[in-house]
Amino acid sequence: MRETAQAADLLSWYDVHARQMPWRTGPAERAAGARPNPYHVWLSEVMLQQTTVAAVREYFTRFTALWPTVGDLAAEEDARVMGEWAGLGYYARARNLLKCARVVVSDHDGTFPDTREALLKLPGIGPYTAAAIASIAFDRPEVVVDGNVERVMARLHDVHTPLPAAKPELTALAATLTPEDRPGDYAQAVMDLGATICTPRNPACGICPWRAPCAARAAGTAPELPKKTPKKPKPTRQGVAYLALREDGAWLLETRPDKGLLGGMLGWPGSGWAEEVPPHEPPLEADWRDPGGEALHTFTHFHLRLSVRVARVPMGANPRAGAFLPAATFRPSDLPTVMRKAFDLARGAFVDME
DNA sequence: AATCCGGGGTC
DNA sequence: GACCCAGGATT
């Protein structure tokens, strides 16, 4: 079987070039009898959804230090976990992470299921993550397809069909290569290949372990694959955020609704966000000042220009929205990035007001 | 099938 | 700054 030999070529490369990551159990450790920790594999794979290894590293280390087991995580308060996730993005992942941990505890006795099918039923675990956990943590020969694998397969077979339409075809091609032996290492090897050699731009074809069988390399089309259907331009929205600082140092904050943008995260009360600043009232009556400037932030599907208003308010202040969070409890690092930008903008204004 | 969800890196 | 990258849930 040529395919088996091809997988073996990649595994040989991986044995030498596998990147060290805090969640990985390397071939040497496994030879000594160590097994991957399913909790670590799950946590890292959820964090890695749409997110780079560099960004995930410190979050993974912090999470496993704070919550060494899935049971520890399941027992934690929602706000604490959301705060630790702040800055990593796609906050639905954090909400589903907690849901999943609690289901694993309540329905699976604190042990992760070991099949792709069972994993797929858990919150926040889709086709990619289910296959990744099943293969990496449980040695099952599942077909693992993420963006890296799609790119590698499109080039290996010179597929010019644009994504996402090409996905079934690329998945089928990936299936023909997935080995029965060391499927977890193989899955990680393809993704490492995509991250380090078969990169989106300037692929290093000259040192690729799959340069011989690569059709796009032969055709000279590797750099332009995979093709993608063009995306829509991002509109710009505007809004106003209100930052009230009480005499005792408490900040007026609100927990955003679970559904929607920045769901479940802390944020400053304010107007909605639309093409023009929507009509609205401040969260309380105060001498609001405009320090000037805007927090500029780009979300998945729109740009935001967020201006801020700042005020110092007395102890008796009774807000229409949000609640005062004591200075000792408030950590700016608990804020999603756009809210932290607004905070940074306002902080300078408060310094000036002193 | 299309849309909604952040943030970081590269050019 | 503009552009590129990368899964799951929802409808």
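Note on naming: letters A, B, ... go to the chains in the order of the sequence lines (proteins, then strands), and numbering restarts at 1 for each one.
Residue-level contact check: A/Lys234 touches neither bases nor backbone, having no heavy atom under 4.0 Å from any strand. Within 4.0 Å (heavy atoms only), A/Pro123 reaches sugar-phosphate atoms of the nucleic acid but no base atom. At the heavy-atom level, A/Arg340 lies nowhere under 4.0 Å from the strands shown. Using a 4.0 Å heavy-atom criterion, one finds that A/Gln49 contacts the sugar-phosphate atoms exclusively. Residue-level contact check: A/Thr337 touches the backbone only, with heavy atoms under 4.0 Å from sugar-phosphate atoms and none from bases. Using a 4.0 Å heavy-atom cutoff across all strands shown, A/Gly87 reaches sugar-phosphate atoms only and no base atom. Nucleic acid contact for A/Leu48: none, since no nucleic acid atom lies under 4.0 Å from a heavy atom of the residue.
Atom CD in A/Glu294 sits about 12 Å away from atom P in C/dG1, given to the nearest Å. Residue A/Leu225 contributes atom CG, which lies 16 Å from atom C1' of C/dC4 at whole-angstrom precision. Distance, A/Glu150 CD to C/dG7 P: 7 Å, rounded to whole Å. Look at CD on A/Gln50: it is 12 Å from P on C/dA9, rounded to the nearest Å. When rounded to the nearest whole Å, the span between CG of A/Leu304 and P of B/dG7 equals 11 Å. As rounded to whole Å, 15 Å separates atom C1' of C/dC5 from atom CG of A/Leu88. What separates CZ of A/Arg116 from P of C/dG8 is a distance of 11 Å, to the nearest Å. C/dA9 atom C1' lies 15 Å from atom CG of A/Leu261, rounded to whole Å.
Side-chain N/O atoms of A/Thr221 and A/Asp158 include a donor and acceptor closer than 3.5 Å. No donor-acceptor contact under 3.5 angstrom links the side chains of A/Gln49 and A/Arg93, judged on distance only.
For B/dT3, the OP1/OP2 oxygens have no side-chain nitrogen or oxygen of A/His301 closer than 4.0 Å. Under 4.0 angstrom from either OP1 or OP2 of B/dG7 there lies at least one side-chain N or O belonging to A/Tyr91.
The nearest heavy atom of DNA chain B to A/Leu262 and to A/Arg201 marks one nucleotide each, and the one closer to the 5' end goes with A/Leu262. Nearest-nucleotide positions on DNA chain C for A/Asn96 and A/Asn148 put A/Asn148 closer to the 5' end. Closest-nucleotide positions on DNA chain B for A/Thr300 and A/Pro164 were compared, and the one nearer the 5' end corresponds to A/Pro164. When the nearest nucleotides of DNA chain C are assigned to A/Pro200 and A/Leu122 by heavy-atom distance, the more 5′-ward of the two goes with A/Pro200.
Applying the salt bridge (charged side-chain N to carboxylate O under 4.0 Å, His left out) test to pairs two or more places apart or on separate chains, those with a residue in residues 214-224 of chain A are A/Glu224-A/Lys227.
Near-neighbour residues of DNA chain C inside residues 127-142 of chain A, defined by a heavy atom below 4.0 Å, number-ordered: A/Pro127, A/Tyr128, A/Thr129.
For A/His297 and A/Phe299, the gap between ring centers is short of 6.0 Å. The aromatic ring centres of A/Phe63 and A/Phe60 sit 6.0 Å or more apart.
Both the sub-6.0 Å distance and the 45° axial angle are not jointly satisfied by A/Arg340 relative to the ring of A/Phe343.
A heavy-atom distance below 4.5 Å is found between the side chains of A/Leu122 and A/His108.
Under the side-chain contact (heavy atoms from CB on, under 4.5 Å) criterion, A/Arg102 pairs with A/Ala74, A/Asp78, A/Leu98, sequence neighbours left out.
Nearest to the side chain of A/Lys259, among C/dG7, C/dT10, C/dC5, sits C/dT10.
Nucleotides C/dC5 and B/dC5 have their P atoms positioned 23 Å apart, rounded to a whole Å.
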